[in-house]
Visitor: 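I have a structure here, written as C-alpha cells, and I will follow up with some questions on it.
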Amino acid sequence: MSTIAAISTGMAAGGIGIVRISGENAIKIADSIFSSVSGKKIADIPGYCALYGKAVDGGDVLDTVIALLFRAPKSYTGEDVVEISCHGGLYVTKRVLRAALSAGAVPAQAGEFTKRAFLNGKMDLTGAESVMNIISAQGEEAEKIALGILEGGLFKEIKKISDKLLYDMALLSAWVDYPYEEIEELSSENLGGDIRFAVKSLEKLINNYDAGKIIIEGVDAAIVGKPNVGKSTLMNLLSGTDRSIVTEIEGTTRDIVEDTVTLGGVVLRLSDTAGVRQTDDAVESIGVERAVKRLENAQLVLAVFDASRPLSDDDRRLISLCRGKRAIGIINKTDLVKNYLTDELKDNFEKLVFISAKTGEGKDDLTNAVESVLGTANFDPGVAALINERQLGCCKDALKALNEAEDALFSGLTMDAVTVCLDSAVENLLALTGEKATESVVNEIFAHFCVGK
Ligand code: GDP
C-alpha cells in the first residue's frame, strides 16, 4: 500500500500545523525531509518518541519542527506514522507537505487515514463513522455520544446480538446436517428467546434514533409572535447576549437575528423573527413574510404571547400557523400578570410555558418543555446510539428479518425458513459494524470525511 501524507490540522493559520505521513515508507520519507539537532535519525528511535530539528527540502531549510513517531501497529492507522509539527503558518505547513510528496509520499484522499485504521482493524466501521461526529460535535452531549461509539459502545451492543444469532445459526446448521441427533439447546423457546432479545435491542436503538439525531445535529428553532410580546428579550435571555434589539416600538426586529444556544443538552439554532402581524409597511411586511417562512421550515417553534394583553387576531393567526408543527406556546411577561386565561392556548399547544423573559423566571420550565417536545428528555448519551441513516437502515433491515424469523418459527414453518431469515438479520448487523460491509459502502462512508483525517 502507498505511503500517504496530508496536512491534518485546519486549513488556517494556527499555533501549530501538522503534516501526517502514514505507510510503510513513512519513516524513510520523514527522515529524508528532516534533520534532527541531535543527529539522530527517526529510524533509530522507538515509537512514541519525538525529535527536534529542521524540516528541509533539498538544500532549503523550511522550518524548525518536531517529528513524532508512532510505530506500526501502535498508531492511528495501524501503520508507521510520522507527524511533523511545524509553526502553524499555512505556507510553511504546505511546503513541508510538498517536501514529503517529493520524497515519495502520495496525497491522502479524504478520510484515508481513518479508512486505513478501519481496514487495519484499529476500529470498527461505527467507530470510524463517529470520528466525523466528534469533529463536528457542537455540544457536550453530541460529543459524548460520538465518543461512546468511537470507544466501541455501538459495536459491542450489535456484537452481543449478532453473536447470539450466529450461535443459534450454528446449532441450526448442525441440526440440518444431523437431523436425528438431539440438540438440546435448539428448542423453540431458546431460539424464540434469542430472537426476542435481538428484536427488543434493535427496537430500542431504532426508537432512540430521532432523539439522538436531534442531540447530534441540533434543531432549527424559530421564535415567533406578534410585535412587542418579548421575542427579542427571550432571544437575549436564551443566548445570554444582547444581540436582538429590544424596544417598546412595535416592528423593531425587521429581519431575522440568529444565534446558537444549548438548552437541555440540545443545540438550538435560534432565529428571532420579525413580529407576525398584518401590516401595510412594505419593509416590515417582507420581514413578516420571512418570519412565516422560518416558522414553516423550523423543526421547533417557540410561539410567544403577551400575558399582559388579551389574545388578538394576530395571536390567533399565529396559533393557526403553528398547527401541525412541533411548537411550544410561551406566555411571556408573567411578572406583570398573575392570572392569565390560557384555555385557548392550552387547546392548541402540546406544551405551554409561563415565563418572564425580562427576569428569567420560567427558563427552566422552557428547558424541560423543549426536551419533552423534542423527545430528548430521557435520552442517555452514555448508552449505545445510532448516528446515521446507514446504521439505522441496517438495524431496520435486520429487525424486519428477525420479525420474519419469529413468524416462521411460531407458524410452524421449517427450520430452513428460520435459518434464511436469521442469516439475513446477521448479514445486516455485520454490514453495520463493517465486519461484512461492501467496498462501495466503505468508500462512500470515507468520501464524506475531510482530507487529513
Ligand atoms: P419583540 O417585539 O417581540 O421582540 O419584543 P421585545 O423583546 O422588543 O420587547 C418589547 C417590550 O416588552 C420591551 O419594552 C421589553 O422590555 C418588554 N418585555 C419583554 N419581555 C418582558 C417581560 O418578561 N416582562 C416585562 N415586564 N416586560 C417585558
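Ligands are counted one by one from 1 in listed order, and the atoms in each one are counted from 1 as well.
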Visitor: Should E129 and R390 count as an ion pair when the cut-off is N to O under 4.0 Å?
Guide: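 R390 and E129: salt-bridged.
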Visitor: Between R316 and E344, is there a salt bridge with N-O shorter than 4.0 Å?
Guide: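 Between R316 and E344 there is a salt bridge, with a charged N closer than 4.0 Å to a carboxylate O.
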Visitor: Check each atom of ligand 1 against the heavy atoms of K231 and keep those under 4.0 Å away; list them by number with element.
Guide: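 Here the atoms of ligand 1 in question are 1 (P), 2 (O), 3 (O), 4 (O), 5 (O), 7 (O).
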Visitor: Can G225 be said to touch ligand 1, with heavy atoms closer than 4.0 Å?
Guide: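 Under 4.0 Å: no for G225.
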Visitor: Check this for me: does any side-chain nitrogen of one of D306 and R309 sit under 4.0 Å from a carboxylate oxygen of the other?
Guide: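 Yes, this pair counts.
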Visitor: Report the member of V229, T359, T233 with the shortest heavy-atom distance to atom 7 (O) of ligand 1.
Guide: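 Ranked by closest heavy atom to atom 7 (O) of ligand 1, first place is T233.
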Visitor: Could you see which bit of N332 sits under 4.0 Å from ligand 1, with heavy atoms only: side chain, backbone, both or neither?
Guide: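 Looking at N332 and ligand 1, just side chain atoms fall under 4.0 Å.
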Visitor: May I ask you to list the atoms of ligand 1 that are less than 4.0 angstrom from any heavy atom of L336?
Guide: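 In order of numbering, the contacting atoms are 26 (N).
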Visitor: Any atoms of ligand 1 less than 4.0 Å from a non-hydrogen atom of D335? List them with their elements.
Guide: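 Counting atoms of ligand 1 from 1, those under 4.0 Å from D335 are 22 (C), 23 (O), 24 (N), 25 (C), 26 (N).
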Visitor: Is any side-chain N of the basic residue among R95 and D60 closer than 4.0 Å to the acidic one's carboxylate O?
Guide: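 Looking at D60 together with R95, the answer is yes, because their closest N to O distance falls below 4.0 Å.
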Visitor: Using 4.0 Å as the upper bound for N to carboxylate O, is an ion pair formed by K231 and D272?
Guide: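 No, D272 and K231 are not salt-bridged.
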Visitor: For ligand 1 and T334, I'd like to know whether there is a polar contact (N/O to N/O, distance under 3.5 Å).
Guide: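 No.
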Visitor: Would the distance check show the side chain of D315 and the main-chain N or O of S312 forming a donor-acceptor pair, the cut-off being under 3.5 Å?
Guide: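 Yes; judged by distance alone, with no hydrogens or angles, the pair exists.
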Visitor: I want to know if ligand 1 touches G230 in the polar sense, i.e. an N/O pair below 3.5 angstrom.
Guide: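 Yes - when backbone and side-chain N and O of G230 are compared with those of ligand 1, one distance drops under 3.5 Å.
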